[in-house]
Protein chains: 2
Amino acid sequence: MAEAPQSATTRAHSNIAFVKYWGNRDNRLRLPANASISMNLADLHTTTTVAWDSALREDELTIDGAAAADPALKRVGDHLDMLRARFDDRRFARVSSSNNFPMGTGIASSASAFAALTMAACAALGIEPAERELSALARLGSGSAARSIPAGFVEWLPGESHESSFARSFAPPEHWDLVDIIAIVSREHKRTGSSAGHQTADTSVLQQSRLRSADERFRMVKAAILRRDFEQFADIVEEDSNLMHAVMMTSKPPLFYWEPVSLEIMKAVRHWRQADNLRVCYTLDAGPNVHCICAAGDADIVEKRLRSLSSALDIRRSAAGGGAQVLPADY
Amino acid sequence: MAEAPQSATTRAHSNIAFVKYWGNRDNRLRLPANASISMNLADLHTTTTVAWDSALREDELTIDGAAAADPALKRVGDHLDMLRARFDDRRFARVSSSNNFPMGTGIASSASAFAALTMAACAALGIEPAERELSALARLGSGSAARSIPAGFVEWLPGESHESSFARSFAPPEHWDLVDIIAIVSREHKRTGSSAGHQTADTSVLQQSRLRSADERFRMVKAAILRRDFEQFADIVEEDSNLMHAVMMTSKPPLFYWEPVSLEIMKAVRHWRQADNLRVCYTLDAGPNVHCICAAGDADIVEKRLRSLSSALDIRRSAAGGGAQVLPADY
């Protein structure tokens, strides 16, 4: 007779990187080529329920209410295989996941998704790994998911092995009231996903230069966050975003994630900061959406200006958020 | 009694670089940090008359029919100072220059201008320097002017001294019937001119990588031109343009020459080549205008498609052009 399924529900937040992760030193283990820094986004999250069920003959996956097929199902199944092997359990799982933001548009849905999945899979087994272990396990599903486990402002040091490559918080969400105003330029699914993209990073003649200078930007951005120094923060965050996209655009084949309106917003943001002294800067992940990072006091005017740039833009707004968490059983 | 003025009129063509010049190893002598390749543009030219006149108390400059002031007058005066010193003549000059294309929009007006000026200044003195010497002298006025002296497809090897840094033709204009269709995105004068821009190149962490890989692109583009291999030509020309703009966008302060519509055209051109097999690729100099380099057989359809992208675009078209030349006295 089959046992009752074991289940748990978790929630993890998306995160926006201020010093970007692009390229791996080990693609299989997703050991990153450089250290990165991010902030969790309180208002963008994935909620995931995992039920291990001995009655299942294969894994089942529902995303936003619809049954998911490959490649999403395959990727989740591979991650569950890894967890099954690690925790010596042969059961398949029923996974149900929902995002409160559009997937695959450069808002890092795989980050929050694999953070929530990893934590739910463990919790459903009654396992509570240490945060660093959970972060490392999430990393195996999606590199940046490592950063969606800890709370607030997060650093991910590359490490040299599975165990040593994990993210940790260096300041809680309430440390600095930054706001991310996201101009959603496109809801279309990316043609080249991040996982495939990372593997092209080394085909750009610029990647090594980006990497050699990344530690310096890491130190400066972390220091700027700790001092709440918006001016230093802004210049380096924009430079780091430009560097990652420079590598992408010079890879073989080139990856152009920027859309014309992305560029328009980037130029406007820079102008608002320099000509009008608004505390705002831009950063773009592997997609066309522009994350406008602002001091809370300037967020309303930045949002208003973004809306007047283009009435067609969908805009999301989020403060810094906490870490991944298990939700109560009656959620 | 004053002698009669000595005068000459010349014409030099603009050129479009396929392997870009960006950054100097010696800013004063304008010795470039890397070798570059360009094609002269038959239908975009500057016509310049220089009259050395012992009655003048200072240099006079007219551009497109209007008296020019600083900084143009100063820059021309400095160039004439250099020529006066070199040829041991103390007279001032009356310079009249006209372009058949808008200045300062990333169509290299300084290239054709300083090529025509240098040749006219010499011719008016009755001096006919060898082409390589004329190219080197033009270089002192504007680096890329060195490439507007020789005919057709031109290479500029960096050299290590004034005398050894000159451009030369490696194929005549009729070697390959490429057409440059220029989408003129903006007629506004650039906020940061090329001379100032070159001096910021080393502030990008990417410039050294661009330079280290430039010789390889130089060899491959030259070989592709000699073989008339559009496919190899296209990928490297676009990569080289992207690399230069990557350096610009990551300089301190960043230089963003691309406009949203530039990016739109770049993406369209790449799509036309890859999805529709049109022989066209893009390259952008230090400005927002997009040079669409095409095989002659595909030029009409490319032009038509560009016009349908945006009816507001001004479009210029040019085949490969000859070298700088002295015009007949009765021009």
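Here is the naming used below: chain letters follow the sequence lines, and residue numbers restart at 1 for every chain.
Residue-environment remark: CD (A:Glu160) stays at or below the threshold of 12 foreign heavy atoms within 6.0 Å.
Nearest heavy atoms, A:Val205 versus B:Glu239: CG1-OE2, 4.3 Å. Here the closest heavy-atom approach between residue A:Phe256 and residue B:Lys267 is recorded as O-NZ, 3.3 Å.
For the salt bridge (Lys or Arg N to Asp or Glu O under 4.0 Å) test, residues two or more places apart in sequence or in another chain that qualify with A:Glu238 are A:Arg270, A:Arg273. Evaluation of the salt bridge (Lys or Arg N to Asp or Glu O under 4.0 Å) rule for B:Asp298 yields B:Arg279 as partners, not counting sequence neighbours.
Residues from residues 224-235 of chain A never place a non-hydrogen atom less than 4.5 Å from a non-hydrogen atom of chain B. Against chain A, the residues from residues 208-219 of chain B that qualify, each with a non-hydrogen atom under 4.5 angstrom away, are B:Ser209, B:Arg210, B:Arg212, B:Ser213, B:Arg217 in number order.
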| request: Determine, stepwise, if the pair B:Met266 / A:Met249 fulfils side chain to side chain contact (heavy atoms under 4.5 Å, CB included). | output: CA-CA 12 Å; B:Met266 291 160 66; A:Met249 293 188 286; over 6 Å; no
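Between the NZ atom in A:Lys252 and the CD1 atom in B:Ile236 there is a gap of 8.5 Å [rounded to 0.5 Å].
Listed options B:Thr250, B:Val261, B:Val247 were ranked by heavy-atom pairs under 4.5 angstrom with chain A; first place goes to B:Thr250.
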